[in-house]
Amino acid sequence: MKLRQLVMGLPVLIVLCLFVLVCIAFLLPLKAAFSPLWTDGTAGFSAILTAHVVQTALFTFKVAFGATVIALAVGIPTAFFTSRRNFFGRKFLLSLSAIPFCIPALIVALGFVSFFGINGVANKLLQWLFRLKTSPLKFLYSFWGIIIAEGFYNFPLVMNTVNDTWERIPPDQSDAARLLGAGEIRIFRTITFYQILPAIISAAIPVFLYCFFSFMIVLLFGAVGCSTLEVEIYQAARVTLNFHEAASLALFETLCAFGIVVLYSMMEQRSAKNRGILFSAEKKNQPRIGQTQKTLFRAHKPAQIQKRPAVHAAVEKLCAFFLFSIILLFFLAPFAGIILAGFFPHSRGYNGTFTFSLFYQLIASHGFQTALLHTIGIASATGFLSAATAFTYSCILRQSDPNGQNLFLRTIPVLPMAVSSIVMGFGITMLISRGTPIALVIAQTTLNWPLAFRQIYPSLNRLPLETDDAARLLSSNSFDIIYHVYLPVSRRTLLSAFGFAFAISCGDTTLPLVLAIPDFDTLSLYTYRLAGSYKFTQSCASGALLGLLCIMVFTIAGKLKSEKGTVNE
């Protein structure tokens with residue numbers, strides 16, 4: 001029996017060791033990134049808060065705030081229509097919420113350049129319509145270009161979060177206000193707004209954080225004086241080799257991001273009952289083992305979804321037309337611009353007519369094939385390690401703190417959100433002389449495993465605590481509980497978490513760029529290099545294929561997550 005337990009526990013011990021190594025791999029580069037502040041003896045607030053750091057930080061906050069305002073201004077009205085009205089294309093609009101996760105920022109930047117750039121589709125169309133000699137749209141390479149791209153890139157996150165809350169609001173208070181004679185605007189202002197406010201805040205904070213960590217869009221769009229902390233850290237660490245300045249910027253950015261993450265964690269605990277990290281099991285109306293997915297859906301499906309009316313009022317139709325027009329213009333059109341640039345190239349040997357030749361040549365090239373193989377290898381390793389690390393910590397949290405009372409254990413999965421890819425990459429370059437594929441996998445795992453955790457742990461959290469007690473009566477060995485209870489419950493979410501981590505790794509351009517691994521290109525880095533070498537049409541074709549790969553993997557992972565259902569007996 002002891003031999004059997006040892007054999008069964010060996011894989012668990014290996015995975016546990018991997019989790020410890022991932023934690024160490026997160027802390028060591030973080031320490032190394034800040035080490036220049038202490039090694040040269042200039043540590044202190046006066047050394048960190050230089051005029052350059054403060055100026056760059058203010059612009060970074062300005063960009064993050066402006067982009068968040070745009071995301072909220074577009075996302076909240078869109079959430080109203082998707083949650084309260086029926087219309088053609090509603091499901092398609094809701095499906096766009098996956099784009100910020102599965103489409104890399106590099107693809108978004110290429111899309112905006114292809115559509116709103118000096119030689120983009122929009123400028124060519126305006127020149128043709130109004131017989132202009134110069135391009136009228138020149139906002140892209142400025143502050144406004146950055147926040148418009150960032151805001152529309154992230155508005156689906158706001159839409160999805162607010163939609164989930166809005167469609168589940170009981171209509172009792174609103175109906176009572178209507179009986180008392182209140183109009184729709186007053187009902188929204190005095191009742192509905194306060195009901196969806198926690199969801200708005202919970203959506204705004206991560207959007208602000210994502211824009212705060214913006215790198216690729218700012219790197220490609222940023223004009224003189226338009227540089228964020230991320231870009232300045234990269235320039236100081238990789239271009240000017242000013243490690244002290246890079247460390248100052250990295251420390252200040254991380255401290256600011258940590259404050260944002262703490263605020264986000266507090267808001268999630270208060271308002272996001274079924275969203276994000278769930279640390280406490282739902283005690284009331286907890287579904288029991290053996291309930292079917294259909295029964296659960298009926299139990300939690302809000303009544304107002306069945307009675308969602310069509311868009312009928314003239315004011316609503318006008319608002320919907322304006323809203324969906326700007327989404328089409330600033331969100332969907334840039335992605336269409338990438339496809340158009342790939343199928344209607346204007347580069348050497350092409351005259352702008354429809355052709356598949358550019359894709360054929362790209363796929364047949366040795367550089368693309370090598371980059372694709374590297375991408376699949378790195379993403380597979382990252383996906384596996386992220387899912388394994390997340391599952392390990394989910395088991396630890398389930399057994400040691402099932403009621404979510406330990407603040408320290410609850411905080412660990414959100415700490416990597418406060419560290420950007422640039423800071424992590426800079427720390428690794430301070431530890432090793434040259435980047436390696438292994439270092440790239442480890443760095444991506446340390447930053448991506450919390451995203452996998454956010455999918456795996458809720459599946460364990462749905463288990464009643466009585467299930468653990470019953471399992472311990474049959475076996476006191478924790479390994480048996482993991483094998484026979486936790487692993488079967490999480491098998492679909494493990495695959496889903498692997499897929500999400502795989503897709504995010506495929507689209508990562510920042511870490512491969514910072515680590516600068518010799519003779520090693522991923523598909524995202526290969527696309528970036530094509531754009532940097534003025535092969536824009538080839539870059540758009542490569543970006544389209546990269547986006548297709550990420551969407552395919554992300555879609556499969558999403559189906560696995562949505563079909564996981566409930567725990568079977």
Quiz item: Are Leu549 and Leu372 close enough that some pair of their side-chain heavy atoms sits under 4.5 Å apart?
Solution: yes
Self-check item: Ser421 and Leu447, any side-chain heavy atoms less than 4.5 Å apart
Solution: yes
Exercise. Without swapping roles, check the side chain of Arg398 against the backbone of Leu460 for a donor-acceptor pair under 3.5 Å.
Key: yes
Quiz item: Can you tell me if Ser380 uses its side chain to pair, donor with acceptor, with the backbone of Gly377 under 3.5 Å?
Solution: no
Quiz prompt | Nearest-0.5 Å distance, CZ of residue Phe520 to NE2 of residue His374 | solution = 5.0 Å
Quiz prompt | Any side-chain donor near an acceptor of the partner, Asn163 and Thr82, under 3.5 Å | solution = yes
Practice problem: Could you walk me through whether Phe212 and Phe61 pass ring pair (Phe, Tyr, Trp, His ring centres under 6.0 Å), step by step? | Solution: CA-CA 7 Å; Phe212 185 80; Phe61 276 102; 5.1 Å; yes
Quiz item: Is there a donor-acceptor pair under 3.5 Å between the side chain of Thr446 and the backbone N or O of Ala443?
Solution: yes
Exercise. Give the intermediate values and the outcome of side chain to side chain contact (heavy atoms under 4.5 Å, CB included) for residues Asp508 and Thr522.
Key: CA-CA 9 Å; Asp508 181 21; Thr522 60; over 6 Å; no
Quiz prompt | Heavy-atom pair with the smallest gap, counting every atom of Ala203 and Thr161 | solution = CB-CB, 3.8 Å
Quiz prompt | Exercise: identify the closest heavy-atom pair between Ala501 and Ser386 | solution = CB-CB, 3.8 Å
Exercise. Return the set of residues passing ring pair (Phe, Tyr, Trp, His ring centres under 6.0 Å) with Phe80 (not counting sequence neighbours), or none when no residue passes.
Key: Trp166
Practice problem: Could you grab the distance from atom CE of Met424 to atom OG1 of Thr510, nearest 0.5 Å is fine? | Solution: 13.0 Å
Exercise. Report the C-alpha distance between Phe554 and Phe500 in whole Å, list the side-chain angles of each, state the deciding distance to 0.1 Å, and finish with yes or no for ring pair (Phe, Tyr, Trp, His ring centres under 6.0 Å).
Key: CA-CA 6 Å; Phe554 199 89; Phe500 280 113; 4.4 Å; yes
For residues 16-31, please give each side-chain donor-acceptor pair under 3.5 Å, one per line with the distance, not counting sequence neighbours.
none

Self-check item: Reported CG-to-CG distance for the pair Leu94 and Asp164, which is rounded to 0.5 angstrom
Solution: 8.5 Å
Practice problem: Among Ile442, Leu515, Ile378, find the residue that satisfies the side chain to side chain contact (heavy atoms under 4.5 Å, CB included) test when tested with Pro437. | Solution: Ile378
Practice problem: Return yes if a side-chain donor-acceptor contact under 3.5 Å exists between Glu230 and Ser214, otherwise no. | Solution: no
Quiz item: Less than 6.0 Å separating the ring centroids of Phe391 and Tyr457?
Solution: no
Practice problem: Please examine the side chains of Val414 and Thr411, heavy atoms only from C-beta on, and report whether any two atoms are closer than 4.5 Å. | Solution: yes
Quiz item: Can you find a heavy atom in the side chain of Glu253 that is under 4.5 Å from one in the side chain of Ser420?
Solution: yes
Exercise. Check whether more than 12 heavy atoms from other residues, nucleotides or ligands sit under 6.0 Å from atom CD1 of Ile438, and answer yes or no.
Key: no
Quiz item: Is a side-chain N or O of Thr467 found less than 3.5 angstrom from the main chain of Pro464, in a donor-acceptor match?
Solution: yes
Quiz item: Just wondering, do Pro512 and Leu440 contact through their side chains at under 4.5 Å, heavy atoms?
Solution: yes
Quiz item: Does the side chain of Pro104 reach to within under 4.5 Å of the side chain of Leu546, using non-hydrogen atoms?
Solution: yes
Exercise. Determine, stepwise, if the pair Phe152 / Phe331 fulfils ring pair (Phe, Tyr, Trp, His ring centres under 6.0 Å).
Key: CA-CA 6 Å; Phe152 278 91; Phe331 188 79; 7.6 Å; no
Practice problem: Would you kindly say whether Thr493 and Gln455 are connected by a side-chain donor-acceptor distance under 3.5 Å? | Solution: no
Self-check item: Side chain to side chain, Ile147 and Val69, heavy atoms closer than 4.5 Å
Solution: no
Quiz item: Which distance, rounded to the nearest 0.5 Å, do you find between the CG of Asn448 and the CZ of Phe453?
Solution: 15.0 Å
Quiz item: Which heavy atom of Thr68 sits nearest a heavy atom of Ala64, and at what distance?
Solution: OG1-O, 2.6 Å
Self-check item: From Thr375 atom OG1 to Asp521 atom CG, the distance as rounded to the nearest 0.5 Å
Solution: 8.5 Å
Quiz prompt | Closest non-hydrogen atom pair, Ala418 against Ala257 | solution = O-CB, 3.4 Å
Quiz prompt | Partners passing ring pair (Phe, Tyr, Trp, His ring centres under 6.0 Å) against Tyr526 (at least two apart in sequence or in another chain) | solution = none
Quiz prompt | Stepwise side chain to side chain contact (heavy atoms under 4.5 Å, CB included) check, Ile99 with Leu96 | solution = CA-CA 5 Å; Ile99 284 184; Leu96 298 180; 3.7 Å; yes
Practice problem: Not counting sequence neighbours, which residues clear side chain to side chain donor-acceptor pair (under 3.5 Å) with Thr445? List them please. | Solution: none
Exercise. Take Phe213 and Ile422 through the side chain to side chain contact (heavy atoms under 4.5 Å, CB included) test and state the conclusion after the steps.
Key: CA-CA 9 Å; Phe213 282 153; Ile422 291 291; over 6 Å; no
Practice problem: Could you tell me which non-hydrogen atom of Val207 sits nearest to which non-hydrogen atom of Asn154, and how far apart they are? | Solution: CG1-CB, 3.9 Å
Self-check item: side chain to side chain contact (heavy atoms under 4.5 Å, CB included) evaluation trace for Phe193 with Leu197
Solution: CA-CA 6 Å; Phe193 177 75; Leu197 182 61; 3.8 Å; yes
Quiz item: Any side-chain donor paired with an acceptor under 3.5 Å for Gln444 and Thr382?
Solution: yes
Exercise. Please report the closest heavy-atom contact between Leu157 and Ser97, naming both atoms and the distance.
Key: CD2-O, 4.2 Å
Quiz prompt | ring pair (Phe, Tyr, Trp, His ring centres under 6.0 Å) partners for Tyr153, two or more places apart | solution = none
Quiz item: Is a side-chain donor or acceptor of Tyr210 paired with a backbone partner of Ile205 at a separation under 3.5 angstrom?
Solution: no
Quiz item: Quick one: does Phe155's side chain get under 4.5 Å of Ile327's, heavy atoms only?
Solution: yes
Practice problem: Give a yes or no on whether the backbone of Ile456 and the side-chain of Ser490 come within a donor-acceptor separation of less than 3.5 Å. | Solution: no
Quiz item: Got a sec, which residues hit side chain to side chain donor-acceptor pair (under 3.5 Å) with Thr228, two or more places apart in sequence or on another chain?
Solution: none
Exercise. Mind checking the OG-CD1 spacing from Ser174 to Ile191? Nearest 0.5 Å is all I need.
Key: 5.0 Å
Practice problem: Please answer whether the main-chain N or O of Phe87 pairs with a side-chain N or O of Arg90 as donor and acceptor at a distance below 3.5 Å. | Solution: no
